[in-house]
Chemist: 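What follows is a structure written as structure tokens; I'll ask about it next.
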Amino acid sequence: MNKKDNLKRVIVDFKKLTPDILALLVEKYPDGYDDDNVISFRNAKNEIVDAVEVTTSDTKYLVKVSTKLATTMENYDEDDYEDYEGNDPDAVQDPDLEVEDEDVSEDDDD
């Protein structure tokens, strides 16, 4: 039996992302992840989930893929997290995502 088969498996949503896991992601995917790195699986609710994988000595993390994750990885600076514990899920904040289609107006009554 392979040692990797005994790893604890943890699915991580962006809301639960910690500085430690974010650092592992940036280290493993310094130029970002692409489709070849994404794993698709069905969760307990039978929904298809896309994730990228990072592994520590005892845990395999499957981090759900999202625009927020990609943006946070692109803008990663370890100094942003020096005042936080490495396992603090409140440390990683939602990035400001630019609205791509600014031509849309809520006052369109045509």
Side-chain angles (χ1 to χ4, degrees):
M1 184 190 277
N2 189 339
K3 183 179 178 184
K4 288 188 174 191
D5 293 337
N6 293 328
L7 296 177
K8 181 171 71 170
R9 290 176 173 79
V10 178
I11 299 171
V12 181
D13 188 63
F14 186 84
K15 299 181 286 219
K16 306 272 188 187
L17 188 63
T18 65
D20 287 346
I21 298 171
L22 178 58
L24 288 170
L25 283 168
V26 172
E27 183 179 318
K28 183 169 181 179
Y29 308 106
D31 298 322
Y33 54 85
D34 59 27
D35 291 342
D36 292 338
N37 306 119
V38 176
I39 299 166
S40 295
F41 61 94
R42 291 194 179 270
N43 65 11
K45 297 177 183 175
N46 207 29
E47 301 163 330
I48 295 177
V49 176
D50 292 331
V52 288
E53 178 185 302
V54 288
T55 306
T56 63
S57 60
D58 63 347
T59 305
K60 179 184 290 188
Y61 294 99
L62 295 173
V63 183
K64 292 181 183 180
V65 171
S66 68
T67 305
K68 289 179 183 179
L69 176 64
T71 302
T72 301
M73 287 176 65
E74 285 173 19
N75 299 319
Y76 177 76
D77 182 347
E78 69 182 35
D79 293 341
D80 292 344
Y81 304 102
E82 66 186 7
D83 295 334
Y84 295 93
E85 292 291 322
N87 61 355
D88 183 355
D90 294 329
V92 180
Q93 300 296 310
D94 283 2
D96 291 329
L97 300 177
E98 296 293 323
V99 178
E100 290 183 23
D101 191 2
E102 294 182 15
D103 296 331
V104 176
S105 171
E106 293 181 24
D107 297 327
D108 253 349
D109 291 329
D110 295 327

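Bear in mind that the values here come from a model prediction, so they are computed numbers and not experimental data.
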Chemist: Sequence neighbours left out, what pairs pass salt bridge (Lys or Arg N to Asp or Glu O under 4.0 Å) with at least one residue falling in residues 72-92?
Modeler: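 Qualifying pairs, neighbours excluded: none.
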Chemist: Could you go through the side chain to side chain contact (heavy atoms under 4.5 Å, CB included) check for K28 and Y33 one step at a time?
Modeler: CA-CA 9 Å; K28 183 169 181 179; Y33 54 85; over 6 Å; no
Chemist: Around atom CG of D34, are there more than 12 heavy atoms from other residues, nucleotides or ligands closer than 6.0 Å?
Modeler: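 Yes - once you tally the heavy atoms of other residues, nucleotides and ligands closer than 6.0 Å, there are more than 12.
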Chemist: Considering only heavy atoms from C-beta outward, does the side chain of I39 approach that of V52 to under 4.5 Å?
Modeler: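 No; the side chains remain at least 4.5 Å from each other.
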Chemist: Would you say K60 and E53 make side-chain contact, with heavy atoms under 4.5 Å?
Modeler: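 Of all side-chain heavy-atom pairs linking E53 with K60, at least one is under 4.5 Å.
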Chemist: Decide whether L62 and V65 are clustered together by the hydrophobic rule: side chain heavy atoms of Ile, Leu, Val, Met, Phe, Trp, Tyr closer than 4.5 Å, transitively.
Modeler: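 As far as the 4.5 Å side-chain criterion goes, V65 and L62 are not connected within one cluster.
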Chemist: Would you kindly say whether T56 and D58 are connected by a side-chain donor-acceptor distance under 3.5 Å?
Modeler: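 The answer is yes; a qualifying pair exists.
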Chemist: Hey, are the side chains of P95 and F14 touching, using non-hydrogen atoms and a 4.5 Å cut-off?
Modeler: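 Touching, per the 4.5 Å side-chain cut-off.
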Chemist: Let me confirm one number: the CG-CG distance from L25 to L17, rounded to the nearest 0.5 Å.
Modeler: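 Separation between the atoms: 6.5 Å.
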Chemist: Got Y29 and V54 here, is their nearest side-chain heavy-atom distance under 4.5 Å?
Modeler: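 Yes - at least one pair of side-chain heavy atoms lies under 4.5 Å apart.
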Chemist: Are V38 and Y61 co-members of a hydrophobic cluster defined by side-chain heavy atoms under 4.5 Å apart?
Modeler: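 As far as the 4.5 Å side-chain criterion goes, V38 and Y61 are connected within one cluster.
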Chemist: Could you check whether T18 and N87, counting side-chain N and O atoms only, form a donor-acceptor pair closer than 3.5 Å?
Modeler: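 Judged by distance alone, the side chains do not pair up.
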Chemist: When you compare the side chain of I11 with that of K64, does any pair of heavy atoms fall below 4.5 Å?
Modeler: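 They are in contact (side-chain heavy atoms under 4.5 Å apart), so the answer is yes.
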Chemist: Could I get the full list of salt bridge (Lys or Arg N to Asp or Glu O under 4.0 Å) partners for K15, not counting sequence neighbours?
Modeler: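 Applying salt bridge (Lys or Arg N to Asp or Glu O under 4.0 Å) to K15 gives D13.
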Chemist: Looking at OG of S40 and CG of D50, how far apart are the two atoms once the value is rounded to the nearest 0.5 Å?
Modeler: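 Answer rounded to 0.5 Å: 3.5 Å.
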Chemist: CZ of R42 to CD of E47: how many Å apart, nearest 0.5 Å?
Modeler: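 Rounded to the nearest 0.5 Å, the CZ-CD separation comes out at 9.5 Å.
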Chemist: Exactly one of L22, V12, L24 should register a side-chain contact (heavy atoms from CB on, under 4.5 Å) with V63. Which one does?
Modeler: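 When L22, V12, L24 are each tested with V63, the side-chain contact (heavy atoms from CB on, under 4.5 Å) holds only for V12.
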Chemist: Would you say F41 ends up clustered with L69 if hydrophobic residues are merged whenever their side chains have heavy atoms under 4.5 Å apart, either directly or through other cluster members?
Modeler: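 In one cluster with L69: F41, no.
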Chemist: Please report the closest heavy-atom contact between P19 and A91, naming both atoms and the distance.
Modeler: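 In this case the closest contact between P19 and A91 is CG-CB, 3.5 Å.
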